[in-house]
Amino acid sequence: MTSTVTDLTARRADFPLLRREIDGKRIVYLDSANSSQKPESVIEAMADFARTSYAPINRSAYRLAAEATDAYEAARSKVARFVNAPADDEVVFTKNATESLNLVAKAWGGAHLRAGDVVVLTHMEHHANIVPWHQLAAERGIVLRWIPLTDHGELDLTDLDELLDGAKVFSFTAMSNVLGTITPVRLLVDAAHRAGALAVVDACQYVPHNPTDIQAWDADFVAFSSHKMCGPSGIGLLWGRACLLDETPPFLGGGNMISDVRLDGFTPAPVPAKFEAGTPPIIEAAGLGAAIDYLDGIGMVDLRRHEMELTEYALSTLQQRFGDDIRIHGPRNVEVRGGVISFEFRDIHPHDVSQVLDGDNVCVRAGHHCAKPLMRILGVAATVRASLYLYNDTADVDALADALDRAGDFFSI
Amino acid sequence: MPGLEDLYREIILDHYRTPRNRGELPTPPARLAVGHNPLCGDEVTVYVDVEDGTVRDVKVAGQGCSISQSSASMMTQAVIGKRVGEVQSVVRRFKAMLSIDERPGSPGDPATDGADGADDTGSVKGDGSELGELEALRGVVKFPVRIKCATLAWNTLVEALDAPRDPA
């Protein structure tokens, strides 16, 4: 085993699930682009909050409720600081990043987009950044345009300005969940603004793995999730410029999101409560706060360096060991890609590859990764995807390669 | 966990490597249906040519994993030449073998049979006919995620049988 320069190996021990063995063998978890594992500190923070401080927030006068409200708002502050948002109140808690993107498309878009208005997307978007716009297209006739890809899996920006011409929204990923490609966010935001379009960034894959500075991006909306960055599932994030959130009508109606309700109507609460109808994910917010503390303890610069080194190791190991038997998608240069490695192995179907890998506790995703348009462009129905995080090491990559060897043997004719 | 050999029986790999009745049929007279496995993105198109209540020919196009492709291949051999009513019976028995049967208390119902219920071949033999080499797919039951792979072509065949003759 080769150790990376930025060695986070000891961090693996922070994750109780990774200490589990199945059939006497360690778990090789390579599905963090799907969802990450949780460190002890996050699990403990949630359990501790539930044991000692849990109460409904924002609506009761007793001290415990005030304490719970403070904890919930403290998590919001941590998120804001983590991504360098200008103001805490610009951070909205949602159910997940999918809801965040739906909120932008349906609430902001629903109020501001008309038939014929153009929304620009890219060929590497996740379904969460496609389907809500398709729904808006079906409902009111907005028009979708698409930024294509180069042969090596980066955005083809040749006709960027033409495609953005007259557009109202440019919604794109900061990092592809299939190709690992990291897109030039600031450049894309500037192009959107030159065209008079809003820039919406799907940062779901980016934020957990890179230092994020929303102000440096100059974007208008940014969606991301908790469960991919060591936090719990059930809570997602939307950051939006205050002026845009103000002009966005509420997405869901109910308790907590109102200033007043009368027989003849209602007045929404100020942002962010306006977008947080009903009892929010309170325990999850406590867990998310702990996840951010955990990531801060590692440092996102070091985390990114570790993943770049490990991605480089993985790309070269797989290429060296399997040569033409493996077809890896996405950019080769780890400066512009994260630790998401999608590939085909020989002509063995990804489902069959992952079945054999599972026999060695190597957990990868096989499928279309919620990016069917991209799969069609790549000319495949599915790929195997191994994705890396802070708790992975070169031994995990070696285990993947060894398991692929076994898959090759098993299906050889 | 159950061994890979339970899932990937030799006959399955044989049908995967050399699929029978691959291709297309002209529509009409044949009918077609397209089936998707949302889990993995697999897509199969099943063409079925029925004449006087008998399945004259079946062809399968599309792509998928070894389980879905071999299951489709074996399915074509099991249904060509049979009356539509018999085909429906084979489909029912095949799905019962994979513990998919909506009727509560039926022999294939895991709630009454337990996880190993499908090993009780009585439920299959019960109505007088064997599933033959299709029984090789019995091991899929131990890998629940793959049951959808095994049934994809079958569900699509049922849809194709119900489809109007002229797709236009």
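Proteins come first, then strands; the chains are lettered A, B, ... in the order of their sequence lines, and each starts at number 1.
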remark   = So side-chain hydrogen bond (donor to acceptor under 3.5 Å, both in side chains) across residues 57-69 of chain B, not counting sequence neighbours, yields A/Asp352-B/Ser66, B/Arg22-B/Gln69
CG (B/Asp162) with more than 12 external heavy atoms under 6.0 Å = yes
inquiry  = Return the CG to CZ distance between B/Leu4 and A/Arg406, rounded to the nearest 0.5 Å.
reply    = 10.5 Å
Validation row: B/Ile67, A/His351 side chains within 4.5 angstrom (heavy atoms) = no
query = Quick one: salt bridge (Lys or Arg N to Asp or Glu O under 4.0 Å) partners of A/Lys25, sequence neighbours excluded?
reply = A/Asp360
query = Taking side chain as C-beta onward, heavy atoms only, is A/Phe410 less than 4.5 Å from B/Glu5?
reply = yes
inquiry  = Counting only non-hydrogen atoms closer than 4.5 Å, does A/Ala366 touch chain B with its backbone (N, CA, C, O), its side chain (CB onward), both, or neither?
reply    = backbone
Gap between atom OH of B/Tyr8 and atom CZ of A/Phe411 - 0.5 Å precision = 4.0 Å
inquiry  = Does atom NZ (A/Lys95) have a neighbourhood of more than 12 heavy atoms from anything else shown, all under 6.0 Å?
reply    = no
request  = Check whether A/Val353 gets within reach of chain B through its side chain, its backbone, both or neither, counting any heavy atom under 4.5 Å.
outcome  = neither
request  = Counting only heavy atoms closer than 4.5 Å, note whether A/Ile348 contacts chain B via side chain, backbone, both or neither.
outcome  = backbone
inquiry  = Rounded to the nearest 0.5 Å, what separates atom NE2 in A/His349 from atom SG in B/Cys149?
reply    = 7.5 Å
message = Does A/Lys106, at its NZ atom, have more than 12 non-hydrogen atoms belonging to other residues, nucleotides or ligands within less than 6.0 Å?
response = yes
